[in-house]
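Report on the following structure.
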Amino acid sequence: MELGLIAIGAGLAVGFTAFGTGYAQGRIGAAGAGAIAEKPEITGRIILLVAIPETMVILGFAVAAMIMLLLPGG
Amino acid sequence: MITPMTRVQIVGHKRDLDATLRELQRLACVQLIDAAQVHPGLHRYAAIMEQQEMEILAYLRSRLEALLALLPPLPDEIPEPWPEEDLIPRIQAELDAYASDLEALARERQQLINDADVLPSYAATLSKLMRLTPELTQLREYETVAVLLDRRAVGLMDMLAEEMQAIAGPYTELVWDQVDPDHIGAILVFPREVAPKMNALLGRMQVTPIALPESLQHVPFQDALAHIHQRLEEIPRELETIDAQLHEAARRYRARWLGAARTLSQRLEQLQVRKQLGETRHAFVLVGWIPRDHLETLRQHLEDRLPKALVIEELPPTAEETRDAPVLLQGNRLTRPFHFFIRLLSLPRYGTIDPTALMALFMPLFFGLMLGDIGYGLTLLIIVLLVRRHLPSGSGLRDLMTFLLIGSLWTIAWGFVFGEFFGDLGYHLFGLHPLWRERSEPGALASLLLFTIALGAVHIVLGLVLGIWQAWHLRQQHELWERAGKLVGLIGLFLLVGIIAQQIPRGWMSPALAAVIVGLAMLLYGLGSVGALLAPVELLGVLGNVLSYLRLAAIGLASVYLALVGNLMAGKMGVIWLGVLIAILFHTLNLAMGAFSPSIHALRLHYVEFFTKFYEEGGQSFHPFGASAENNA
């Protein structure tokens, strides 16, 4: 039971942050694609902007890893 | 690295201006700047006399380019040299001699292509209408008009018949029928003398007659149809003849005219650039940026070609002027392809650090760490080697391929470290064991995470150290305090985490706390008035940057688990060929994702995490006078 809850907790940590990242990247990516069509020279800057929200899911992954590794029974 | 630049000033008599500009253009190593800005008292060169010549040259160039566009390009064509003497009359004579014939040929070709496109649709329509009343088409004293309408307009036909009778009495005929599921076709026959009234009627009723080509407008439908079929047979042969003529013209003239267009562009550039010169009554003054190690070559070259005509001197820029110097990135075979990734963002400002060499080291290393599989590395290496040889040198795609080439070598190396060959296939096939740990092994997760964080810490600390060195070098006091504060604070945070994780003795607590507080204080000073608010956020941001390198482990794990799932599913198929097929599908998908995703993430780690510690963008690319005319050709 406890192991199951730990697994669910880890899953939620990655899942919700991945959802947030995906939502943000979707919106930034759509705007970025339009901007690149107008000014191709800003491609690098758009990659940078699209990449920024990924920190959320990486931190979610870090939390999930901590849950699994540090909690007793994990 | 960024090529060291200096400024050069060339002063000479105006009679030598043409020759000087020609030589500078040939050397293509000086980027001219506004001489009047460098010497505020100096008059800007008044290019009044040249204005008319520039207009004629631009006109001739556009005509020549239009003519070149008519001729098919040939493989490996090299522009023939075209002399500068009597440039305008010679090119004008060339255009007068050949342009009208070639343009007529191109027009004829276009007409044939148009006919080949539209005639089949006329033929289809006429065939449908022919079924209605073939005998009427023979009435040569009468005008015959065909219309094709949407089938929903069927109610219009009775009205049209009544109106036609009102105009021409009984001497009219309207025949119509459904010619296909969506259309009704109608043929209107009426005496020629009422044609204007009939056309007006059709206009009022918004019925558009089928507009046949002009040559077929007064021809009976049957003859028109026969003519169309005959033309459709003739067109390919005629097109072939014209194409052969154009190809022959291209073979004879293209290289010559390309050379002429290049000479025109060069002359035009020589004239355009004069606006940036300064002048006195008899002399011209030219100032420009030049790579420092090219200065002596330039001096030697000009003295050889124009002995004792020019005064060439270095005009060392002030620190403030150096900020505006153009940027030319230097590199060797290994680092040059990574200029592509630098340009994708923005060039570094002159006088700051060019991170290309570090990028060439870390980016493929990160890529390999994420993919980390001997099988994937070898496959990628073979694909890249096959594709890369077909790409032109200097193209962005080739640079990308070079990155993937180095990345695939790192992938193989990390594959040995993790003992992966298409996931665990290496272990099952030939007992492959890791040099360090298997990533799929549950106990390896903690080690892997710690390793990537350590790698991130090294990268970030390196970025901060570079940032501190640069700020010191450029005397940027605030940036110096800010970056030093981040570094000291980060070291304090590392110590704290180590103490909490019981990896460092508790006795280190005081130095750790002191480092965090000192770091915050330095940050606070560096950030100025908003420092109190931003300093803690900035420090946590740097910690976040380090944690961001966890993606190296996360993406690697996703890749290895996908490979394992592929192997597992393939093993459970029971039938060998199906298992192999499933395995190929999974591994192809994984490799495609593996080539793309790690590239983006390795790039992001540089742009977002590493560059923000020292990189100052906003450099202007070095565009020497003479380079663009060369490119135009």
Side-chain angles (χ1 to χ4, degrees), chain A residues 2-4 6-22 24-33 35-74, chain B residues 338-348 359 370 396 400 442-450 452-453 456 497 500-502 540-558 596-597 599-612 615 617-618 621:
Chain A
E2 194 178 311
L3 188 64
I6 288 172
I8 288 171
L12 288 177
V14 174
F16 277 118
T17 49
F19 180 79
T21 297
Q25 283 194 324
R27 299 198 67 168
I28 298 169
I36 290 173
E38 295 274 334
K39 285 178 84 178
E41 65 271 20
I42 58 169
T43 306
R45 228 171 278 266
I46 298 298
I47 291 176
L48 197 146
L49 289 174
V50 172
I52 283 173
E54 279 166 8
T55 308
M56 278 192 287
V57 72
I58 296 297
L59 292 178
F61 169 75
V63 170
M66 278 168 64
I67 291 173
M68 290 197 296
L69 294 173
L70 300 180
L71 286 186
Chain B
F338 290 83
H339 290 160
F340 169 74
F341 298 108
I342 300 282
R343 288 203 191 91
L344 214 55
L345 187 64
S346 169
L347 283 174
M359 212 174 177
M370 283 184 263
L400 200 64
L445 182 60
S447 315
L448 196 63
L449 295 181
L450 277 176
T452 53
I453 288 178
V497 171
I500 292 166
Q502 296 175 346
L540 284 176
V542 181
L543 191 66
N545 288 157
V546 175
L547 289 180
S548 189
Y549 285 76
L550 282 172
R551 76 187 61 228
L552 296 173
I555 291 158
L557 282 177
F596 180 71
S597 188
S599 306
I600 294 289
H601 284 279
L603 193 62
R604 176 234 143 93
L605 284 176
H606 280 80
Y607 282 173
V608 182
E609 271 75 25
F610 188 51
F611 282 10
T612 47
Y615 193 72
E617 53 184 280
S621 180

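The chains referred to below are lettered A, B, ... by the order of the sequence lines, with proteins before strands, and numbering in each begins at 1. Bear in mind the structure is a predicted one, so any value in this text is a computation, not a measurement.
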Q. Is there any residue in residues 53-60 of chain A with a non-hydrogen atom under 4.5 Å from a non-hydrogen atom of chain B, and which ones are they?
A.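 Counting heavy atoms that sit under 4.5 Å from chain B, the residues of residues 53-60 of chain A involved are E54(A), T55(A), I58(A), L59(A).
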Q.
Can you list the residues of residues 338-345 of chain B that sit under 4.5 Å from chain A, counting heavy atoms only?
A.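 Under the 4.5 Å heavy-atom cut-off, L344(B), L345(B) qualify.
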Q. Would you find a donor on one side and an acceptor on the other, under 3.5 Å apart, between the side chain of S548(B) and the backbone of G544(B)?
A.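 Flag not set: sc S548(B) to bb G544(B) has no pair under 3.5 Å.
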Q: Give, for atom CD1 of I52(A) and atom CD1 of I47(A), the distance between the pair rounded to the nearest 0.5 Å.
A: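 The CD1 atom of I52(A) sits 12.5 Å away from the CD1 atom of I47(A).
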Q.
What's the separation between atom CD1 in I600(B) and atom CZ in R551(B), rounded to the nearest 0.5 Å?
A.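 I600(B) atom CD1 to R551(B) atom CZ measures 11.5 Å (nearest 0.5 Å).
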Could you tell me if the side chain of [Y] sits less than 4.5 Å from the side chain of [X], heavy atoms only?
X       : Y       : answer
L557(B) : L448(B) : yes
L449(B) : F61(A)  : yes
F611(B) : M359(B) : yes

Q | Nearest heavy-atom neighbours spanning V608(B) and T612(B) | A |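 Nearest heavy atoms, V608(B) then T612(B): O-OG1, 2.6 Å.
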Q: Using the test side chain to side chain contact (heavy atoms under 4.5 Å, CB included), find all partners of L12(A) that sit at least two apart in sequence or belong to another chain.
A: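 Scan of L12(A) (side chain to side chain contact (heavy atoms under 4.5 Å, CB included), adjacent residues dropped) gives I8(A), F16(A).
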(Q) Counting only non-hydrogen atoms closer than 4.5 Å, does I453(B) touch chain A with its backbone (N, CA, C, O), its side chain (CB onward), both, or neither? (A)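 No part of it gets close to chain A.
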(Q) Walk me through whether T17(A) and V63(A) qualify under side-chain contact (heavy atoms from CB on, under 4.5 Å). (A) CA-CA 10 Å; T17(A) 49; V63(A) 170; over 6 Å; no
Quick one: side chains of residues 37-46 of chain A, donor-acceptor pairs under 3.5 Å with protein atoms, not counting sequence neighbours, listed by atom name and distance.
residue, atom, partner, partner atom, Å
T43(A), OG1, P40(A), O, 2.5
R45(A), NH1, E617(B), OE1, 2.9
R45(A), NH2, E617(B), OE1, 2.8

